[in-house]
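So the structure is just underneath, and the comments pick up after that.
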Amino acid sequence: MTMTTTTATTGIEFRSVTMAFPDGTVALRELDLQIETGEFVVLVGPSGCGKSTALRILAGLEDATAGDVLIGDRVVTELEPQERDLAMVFQSYALYPHKTVYDNLAYPLRVRRMSKRDIADRVGWAAEVLGLTDLLKRKPGALSGGQRQRVAMGRALVREPVAFLMDEPLSNLDAALRVEMRAEIRRIHDRLGVTSVYVTHDQVEAMTMGDRVAVLRDGVLQQFDDPQVLYRRPCNLFVAGFVGSPAINLAMGTLEDPMPAVRLGGTTVALPRDSATALSGRATGTPIAVGLRPERLNHRREPEHDASMTIVPALVEMLGSELLVHFPIAAPGVNTAGARAWAEGDADTIAQIRDTADGTTFVAKLDAASGARSGEPIELWFSSSDLLLFDPVAGDTILPAS
């Protein structure tokens, strides 16, 4: 079956969208977000951050307290869901168990009273795109979880909507299937180019799937950018802590002479000269929050490395080709709301706050060839340009990684 989709995809815009409930809870605060035509955008954040509320407002399933939603150049704020020409894929598959795969895919088209020939063409095309052609006569009970999710996506696909909305569609799948379906959804998007808005609490999902990622916290948009920008240049401690696996290492340091330099535990690191401007006005001895990604530490010295620390591993986790090396560092933990908020009530984003009685614990992600062993000292190298510096009170980024 070869059929070219004629979907008229379009962009989406949230203009100062606010959602407040009668009990005073504010789920969204003046959300401004512009999604380009054909873009795959992921809304991510911990439970209760407002991401699903934003999706439901876009779909017309919730009424915003204030603000407008635009699809293309059309304000749809007051339109009913069926008037918005959007297709949603939910966490639950919501398939008809007594109908075949073909009939499940055909159902939304029959509701529109399309001809049998047109239905057959659309269903055959969607089945080919999703790899369901050999399963059309089966019923959902005879399918795997991944196959059922494909059918749910196909039912949205046949409608040829202007945009796809997906609300945690992979959360019911096991880890291996989630990885497979992430690639499948991106493949479908790249083939069809339909504007897509995807909601998840899993930052790995967000970073691997999105053209751009919107990070929300307590109903407020923190940062909306390319995944690599979020990783290298987070706007604050929350985004820095939420993005990355294992989570970023954070500890308190002090600014030292000769400026610009920072002391972290027993190590003083001279910072790149161009960081002096960002640090101007901050005196020697000023406390500052320091972040360093676990994967930026290396047991081998590379040409770009200009700093090192000798550490004694307290725990080494074997991950096949990689090791996670946990080691103490004699520096206080970062004890601010901005640093800790991502961990509260959401174990999927970070296992724990790594404070100890003597300071905090860092993690290094090393090649198994490093031979790191618990209790045996090892020198770890890194580049000063990989350090991120944050205001310890406000939580804002002072110096992003370069």
Side-chain angles (χ1 to χ4, degrees), residues 1-12 35 37-38 40 55-63 69-143 146-169 181 184-185 187-199:
M1 170 67 63
T2 56
M3 171 182 171
T4 302
T5 178
T6 57
T7 300
T9 187
T10 189
I12 292 167
I35 299 165
T37 300
F40 194 111
L55 199 73
R56 291 176 63 82
I57 289 172
L58 173 56
L61 303 177
E62 300 266 9
D63 294 326
V69 174
L70 285 78
I71 299 176
D73 56 3
R74 183 175 62 142
V75 177
V76 300
T77 310
E78 303 297 330
L79 296 184
E80 294 298 317
Q82 62 270 22
E83 299 177 281
R84 301 189 183 201
D85 199 15
L86 303 170
M88 284 198 75
V89 180
F90 295 96
Q91 176 177 334
S92 60
Y93 312 126
L95 303 178
Y96 295 105
H98 60 286
K99 293 181 183 291
T100 63
V101 170
Y102 183 97
D103 289 333
N104 267 283
L105 295 175
Y107 180 77
L109 305 180
R110 287 176 177 151
V111 170
R112 294 184 175 187
R113 300 184 182 278
M114 291 182 62
S115 71
K116 288 185 178 181
R117 180 174 179 177
D118 286 343
I119 290 174
D121 285 346
R122 290 261 191 105
V123 169
W125 167 74
E128 180 187 354
V129 169
L130 293 163
L132 297 171
T133 303
D134 295 336
L135 306 175
L136 290 174
K137 293 182 180 179
R138 294 191 191 181
K139 292 184 178 178
L143 304 178
Q147 289 167 339
R148 279 182 291 216
Q149 190 57 271
R150 285 190 180 96
V151 176
M153 290 182 61
R155 198 166 53 184
L157 195 62
V158 295
R159 291 180 47 202
E160 296 188 346
V162 297
F164 286 117
L165 312 183
M166 290 173 268
D167 192 2
E168 306 219 35
M181 286 303 298
E184 187 79 5
I185 291 172
R187 181 185 66 81
I188 294 165
H189 176 268
D190 292 344
R191 176 172 175 175
L192 302 179
V194 179
T195 306
S196 301
V197 185
Y198 187 103
V199 162

I need the [X] [atom1] to [Y] [atom2] distance, nearest 0.5 Å.
X	Y	atom1	atom2	answer
Thr10	Arg74	OG1	CZ	9.0 Å
Ile119	Tyr102	CD1	OH	6.5 Å
Ile188	Met181	CD1	CE	6.5 Å
Met88	Leu61	CE	CG	6.0 Å
Arg155	Leu105	CZ	CG	8.5 Å
Leu55	Tyr198	CG	OH	11.5 Å

Within the distance-only criterion (no hydrogens, no angle test), does the side chain of [X] pair as donor or acceptor with the backbone N or O of [Y] below 3.5 angstrom?
X	Y	answer
Arg159	Leu109	no
Arg84	Val76	yes
Thr37	Gly11	yes
Gln149	Gly146	no
Arg122	Arg117	no
His189	Gly38	yes
Asp118	Met114	no
Arg148	Ala142	no
Asp167	Val199	no

Shortest non-hydrogen contact from [X] to [Y]?
X	Y	result
Ala87	Ala156	CB-CB, 3.6 Å
Leu130	Glu184	O-OE2, 4.0 Å
Ala126	Val158	CB-CG1, 3.5 Å
Leu165	Ala59	CD1-CB, 3.7 Å
Pro140	Pro97	CD-O, 3.7 Å
Val89	Ala152	CG2-O, 4.2 Å

Do Val162 and Thr195 touch side chain to side chain, with heavy atoms closer than 4.5 Å? no
Mind checking whether Leu79 and Ile71 have side chains closer than 4.5 Å, heavy atoms only? no
Mind running side chain to side chain contact (heavy atoms under 4.5 Å, CB included) on Phe40 and Val194 for me, showing each step along the way? CA-CA 8 Å; Phe40 194 111; Val194 179; over 6 Å; no
Ile185/Met153 under side chain to side chain contact (heavy atoms under 4.5 Å, CB included): CA gap, chis, key distance, verdict: CA-CA 9 Å; Ile185 291 172; Met153 290 182 61; 3.7 Å; yes
Dump the intermediate steps for side chain to side chain contact (heavy atoms under 4.5 Å, CB included) on Ile12 and Leu70, then the final yes or no. CA-CA 6 Å; Ile12 292 167; Leu70 285 78; over 6 Å; no
Would Arg110 and Asp103 pass as an ion pair if we require N to O under 4.0 Å? yes
How far apart are the C-alpha atoms of Thr100 and Leu136, what are their side-chain angles, what is the distance that settles it, and do they pass the side chain to side chain contact (heavy atoms under 4.5 Å, CB included) test? CA-CA 7 Å; Thr100 63; Leu136 290 174; over 6 Å; no
With a 6.0 Å cut-off (strictly less than), is the heavy-atom count around CD of Gln82, excluding the residue itself, greater than 12? yes
Atom CG of Asp134: over 12 foreign heavy atoms under 6.0 Å: no
